[in-house]
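Working notes, beginning with the structure itself.
Heavy-atom basis, side chains included; hydrogens, waters and symmetry copies ignored.
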2 protein chains.
Amino acid sequence: MVERIDGRVVAQLINQATKQRVEHLAQQGRTPGLAVLIVGENPASERYVRMKERQAQRLGIHSELYRFSATTTEAAIIKQINQLNENQKINAILVQAPLPGELRFDRIIATIAPRKDVDGFHPVNVGKLFLNLPGNYPVACTPLGIMTLLNHYRIPLAGKQVVVIGRSAIVGKPLLALLLNANASVSILHQQTINLRTYTKNADVVIVATGHSGTVTTADFKQGACVVDVGQNLDQDQHLIGDVAYDDELSQVGFLTPVPGGVGPMTIAMLMQQTVAMCEWEE
Amino acid sequence: MVERIDGRVVAQLINQATKQRVEHLAQQGRTPGLAVLIVGENPASERYVRMKERQAQRLGIHSELYRFSATTTEAAIIKQINQLNENQKINAILVQAPLPGELRFDRIIATIAPRKDVDGFHPVNVGKLFLNLPGNYPVACTPLGIMTLLNHYRIPLAGKQVVVIGRSAIVGKPLLALLLNANASVSILHQQTINLRTYTKNADVVIVATGHSGTVTTADFKQGACVVDVGQNLDQDQHLIGDVAYDDELSQVGFLTPVPGGVGPMTIAMLMQQTVAMCEWEE
């Protein structure tokens, strides 16, 4: 029988701990501050940003929202980031992806002060993670959420065969670094991979983050494997579905993160946790 | 029959091209400048540093050597790096690894101006490489040399099964990034990997960079595979041997980098090439 990894429950535990940390900071007269920049009017982005604002409010985190029209310039966004880099009330800055038009996400991210880069996307933070350097630095929130889930369910990683499908800067690559730092043997696969199934069939843990439903099916996994589905796709009926075409009847999988209710709830929980941690690091 | 990848010949071609680029810069009144810092008296380090100095001289690159005793402090080394960061005659700075005693290599490397970090070890350069960002930035020289060899011998990488054994900051990790950027399906393995052979037996390309002779043997590869041996170990008779226990009689390997004469000669050639490139980037 497959065990479903419950991201909602784990996210709630994280949020409770985060709230206590915020209260502890409040006793010292300090409030974590998150600035969110949103550009254009992508409905999914609007939804995520609303969820982030609401969650910040619930946990006692100060949050500010900066809106830009889809026709804004990189310079205008960067000017705002420079101000936020200096702003004492803000210790965490986030630019909601994706950006419309010709705006270069990398260029903009690189102007965030690394100590305020709450998404962990700045090259210096990515480099530190990849090098497994000691010290405090932010790490991409979805990969951090996945590691938290695996840890919570005591899925062993050291020496295990782990496969990551998808190599985005937001999920696949930082996850590769985290898994390697946890001493897993990691294979990273992508659109140009020819023989996906020979990898997944032998893997103890498979993490699927392609953004395409049906990337892998139930038959692609070995018995007892742990399958983490990072997909957030909409089917024809506008229902949220993952990247894995999963069939309970056929599956021999040991653990599975469902969509919805698996990885999804973790991302914002980790964002809030990291916003608070970054405030603590300033001590 | 195995084809031996001749690192000496390729390094010579690289050096010829580098020399021409130096001459071209000289016509503009510019000279690339490399500063090498060496700490303590490790015989292998002394040998590498001498080779680097000699090669720089041959190619017309200005070079400066800074010696520190094994009992020096991090602060003293960092003070020198800060001066070199400002020094107009120096566009490339290198700290010879390993450092003796308690000196923290990471801490010291992080003080090199990223644009002068000729070894590509600074976290921001590592992050850019891992993210595959556009633009000019230095990349670790041994991995760059390996990619140059694979390219020269037209070993296909896109969509291929590639295995990297060893996850050092100097070889394994930057190589993983370069191979992923070349669209290979990459598995990174290390001391905690349990079933090494199941990976190597299926791989089109295996790169061995553990620093331990006999990490893998001839029988561990599939027919026609390309094997890159990064090892530089000394056997009982003080002969240089690689990480692969290779037996010509038993092997079905397609390509092999011999030790010596494979990867070894490439590292200094790439260091010189990158020193010159970094001078050109300043235009």
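Of the atoms belonging to B/S168, not a single heavy atom falls under 4.5 Å from chain A. Residue B/Q161 touches chain A through both its backbone and its side chain, counting heavy-atom pairs closer than 4.5 Å. Looking at A/N125, neither its backbone nor its side chain comes within 4.5 Å of chain B, counting heavy atoms on both sides. Of the atoms belonging to B/L133, it is side-chain heavy atoms, and not backbone ones, that fall under 4.5 Å from chain A. Contacts of A/L129 with chain B are absent, with no heavy-atom separation under 4.5 Å from either backbone or side chain. Interface residue B/Y199: only side-chain heavy atoms are found under 4.5 Å from chain A. Only the side chain of A/D106 has a heavy atom closer than 4.5 Å to any heavy atom of chain B. Residue contact with chain B, scored on non-hydrogen atoms closer than 4.5 Å, is absent for A/A110.
Across every non-hydrogen atom of A/K116 and A/N87, the tightest pair is NZ-O, 2.9 Å. Residues A/A182 and A/M147 share a closest heavy-atom pair of CB-CE, 4.0 Å.
With chain B as the partner, the residue from A/G127, A/P114, A/A169 showing the most heavy-atom pairs under 4.5 Å is A/G127. Of the listed residues (B/I194, B/N202, B/N132), the greatest number of heavy-atom pairs within a distance under 4.5 Å of chain A belongs to B/I194. For chain A, the option among B/V164, B/L176, B/V163, B/T198 with the highest count of heavy-atom pairs below 4.5 Å is B/L176. Of the listed residues B/L196, B/V186, B/V162, B/N195, the one with more heavy-atom pairs under 4.5 angstrom with chain A than any other is B/V186. If you tally non-hydrogen atom pairs under 4.5 Å between each of A/V124, A/V126, A/N183 and chain B, the highest count goes to A/N183.
B/R167 places a side-chain N or O within donor-acceptor distance of the main-chain N or O of A/L180, the cut-off being under 3.5 Å. At least one donor-acceptor pair closer than 3.5 Å links the side chain of A/Q274 to the backbone N or O of A/V118. Checked by atom type and distance alone, the side chain of B/T73 pairs as donor or acceptor with a backbone atom of B/A76 at under 3.5 Å. The backbone N or O of A/A113 sits less than 3.5 Å from a side-chain atom of A/N85, completing a donor-acceptor pair. Remark: the backbone N or O of A/T275 is paired with a side-chain donor or acceptor of A/N91 at under 3.5 angstrom.
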Determine, step by step, whether A/R107 and A/E74 satisfy the salt bridge (Lys or Arg N to Asp or Glu O under 4.0 Å) criterion, reporting the C-alpha distance in whole Å, the side-chain angles of both residues, the deciding distance to 0.1 Å, and the verdict.
-> CA-CA 8 Å; A/R107 289 285 181 116; A/E74 279 179 16; 5.4 Å; no
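Interatomic distance, SG of A/C141 versus CG of A/L271, reported as 4.5 Å (0.5 Å rounding).
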